[in-house]
Amino acid sequence: MPPLSIRARVGAATATALLAAGAPAAYALFDDAGPRAPATARTYVETRLLFGTERPDGGPAVTEPQFMAFVDREVTPAFPEGLTVRDGRGQYRDAHGVIERERSYELILLYPAAQARARDAGIERIRAAYERTFGQESVARLDAPTRADF
């Protein structure tokens with residue numbers, strides 16, 4: 001293997017210096033229990049729901065207006081405090097073993113951890129309603145504890 005050029009060595013040295021200088025600053029936000037949040041932060045649950053748009057029966061994909069109408073009808077009444085919708089691209093293996101690639105939506109809900117048990121049934125109703133309304137095999141759900149300050 002030929003020796004590195006002066007330019008490559010300088011670039012590598014610069015990258016190493018930046019990483020070495022930045023790592024302590026990044027890790028300063030963490031302690032032994034994980035990331036630190038402001039003292040005023042409260043404990044929340046972050047639930048992310050992943051909605052596919054392709055229909056397993058080959059019907060037309062769920063459109064953005066259809067999805068947003070679903071959010072208005074099914075999600076907003078259960079989470080009037082707020083939510084976030086992100087556009088995505090995803091893939092999964094369907095019930096027939098076929099890899100499906102599709103446009104998708106990620107719905108992010110944030111609510112106080114003390115309300116987790118009470119909010120669970122509403123989240124499950126949202127998942128079931130989407131599956132039923134748009135003929136989907138599933139809606140993925142991810143839950144994680146977090147701390148937030150508003």
Side-chain angles (χ1 to χ4, degrees), residues 11-150:
T14 302
T16 302
L18 288 172
L19 287 172
Y27 283 106
L29 298 175
F30 292 82
D31 59 22
D32 292 337
R36 284 188 277 142
T40 56
R42 295 181 18 201
T43 304
Y44 284 81
V45 174
E46 178 183 16
T47 295
R48 296 185 306 149
L49 301 177
L50 306 176
F51 299 90
T53 58
E54 295 298 318
R55 297 183 196 235
D57 66 2
V62 178
T63 65
E64 183 174 352
Q66 289 173 319
F67 182 77
M68 294 313 297
F70 174 83
V71 169
D72 291 344
R73 183 178 62 252
E74 301 289 341
V75 184
T76 300
F79 291 89
E81 303 86 2
L83 54 90
T84 299
V85 174
R86 290 187 195 173
D87 289 324
R89 301 283 314 160
Q91 71 180 43
Y92 71 101
R93 186 182 312 259
D94 71 13
H96 306 290
V98 176
I99 300 292
E100 299 287 347
R101 291 175 178 85
E102 63 187 332
R103 186 174 47 82
S104 61
Y105 294 100
E106 177 183 23
L107 175 70
I108 303 168
L109 306 169
L110 192 63
Y111 47 93
Q115 297 177 10
R117 187 177 306 269
R119 298 289 185 123
D120 184 65
I123 293 167
E124 290 305 306
R125 277 193 294 278
I126 292 165
R127 294 174 72 198
Y130 191 80
E131 291 168 7
R132 183 178 58 254
T133 302
F134 298 109
Q136 298 292 302
E137 291 179 357
S138 66
V139 171
R141 177 179 176 173
L142 299 88
D143 293 296
T146 191
R147 293 189 44 84
D149 182 34
F150 296 96

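Each residue takes its place number in the sequence, starting with 1.
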| task | Identify which one of Thr53, Val139, Val62, Val71 satisfies the side-chain contact (heavy atoms from CB on, under 4.5 Å) criterion when paired with Tyr105. | result |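 Single pass found, and it is Thr53.
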Taking all atoms of both residues into account, what is the closest heavy-atom pair of [X] and [Y], and its distance?
{"X": "Glu100", "Y": "Asp94", "answer": "OE2-OD2, 3.0 Å"}
{"X": "Gly135", "Y": "Pro56", "answer": "O-CD, 3.0 Å"}
{"X": "Gly90", "Y": "Ser104", "answer": "N-OG, 4.0 Å"}
{"X": "Arg55", "Y": "Thr133", "answer": "NH1-O, 4.3 Å"}
{"X": "Arg42", "Y": "Pro112", "answer": "NH2-CG, 3.5 Å"}

| query | Is the distance between the ring centroids of Phe150 and Tyr44 under 6.0 Å? | reply |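 Under 6.0 Å, so yes.
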Would you say [X] and [Y] make side-chain contact, with heavy atoms under 4.5 Å?
{"X": "Ile126", "Y": "Phe70", "value": "yes"}
{"X": "Leu109", "Y": "Val75", "value": "yes"}
{"X": "Glu137", "Y": "Glu131", "value": "no"}
{"X": "Glu46", "Y": "Ile108", "value": "yes"}
{"X": "Gln136", "Y": "Phe51", "value": "no"}
{"X": "Leu110", "Y": "Thr84", "value": "no"}

| request: Take Phe67 and Val85, measure what side chain to side chain contact (heavy atoms under 4.5 Å, CB included) needs, and give me the verdict at the end. | output: CA-CA 10 Å; Phe67 182 77; Val85 174; 3.9 Å; yes
| When you look at Arg89 and Arg103, which way does the side chain to side chain contact (heavy atoms under 4.5 Å, CB included) test go after all the steps? | CA-CA 5 Å; Arg89 301 283 314 160; Arg103 186 174 47 82; 3.4 Å; yes
| Asp143: partners by side-chain contact (heavy atoms from CB on, under 4.5 Å), with sequence neighbours left out |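 Expected list: Val45, Thr47, Tyr111, Arg141.
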| message | Whether the side chain of Glu54 engages the backbone of Glu102 through a donor-acceptor N/O pair (distance < 3.5 Å, no angle test) should be reported. | response |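 Checked: no pair found.
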| query | Can you pull the side-chain hydrogen bond (donor to acceptor under 3.5 Å, both in side chains) pairs that have at least one residue in residues 65-80, sequence neighbours excluded? | reply |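 Passing the test, one end in residues 65-80: Thr63-Gln66.
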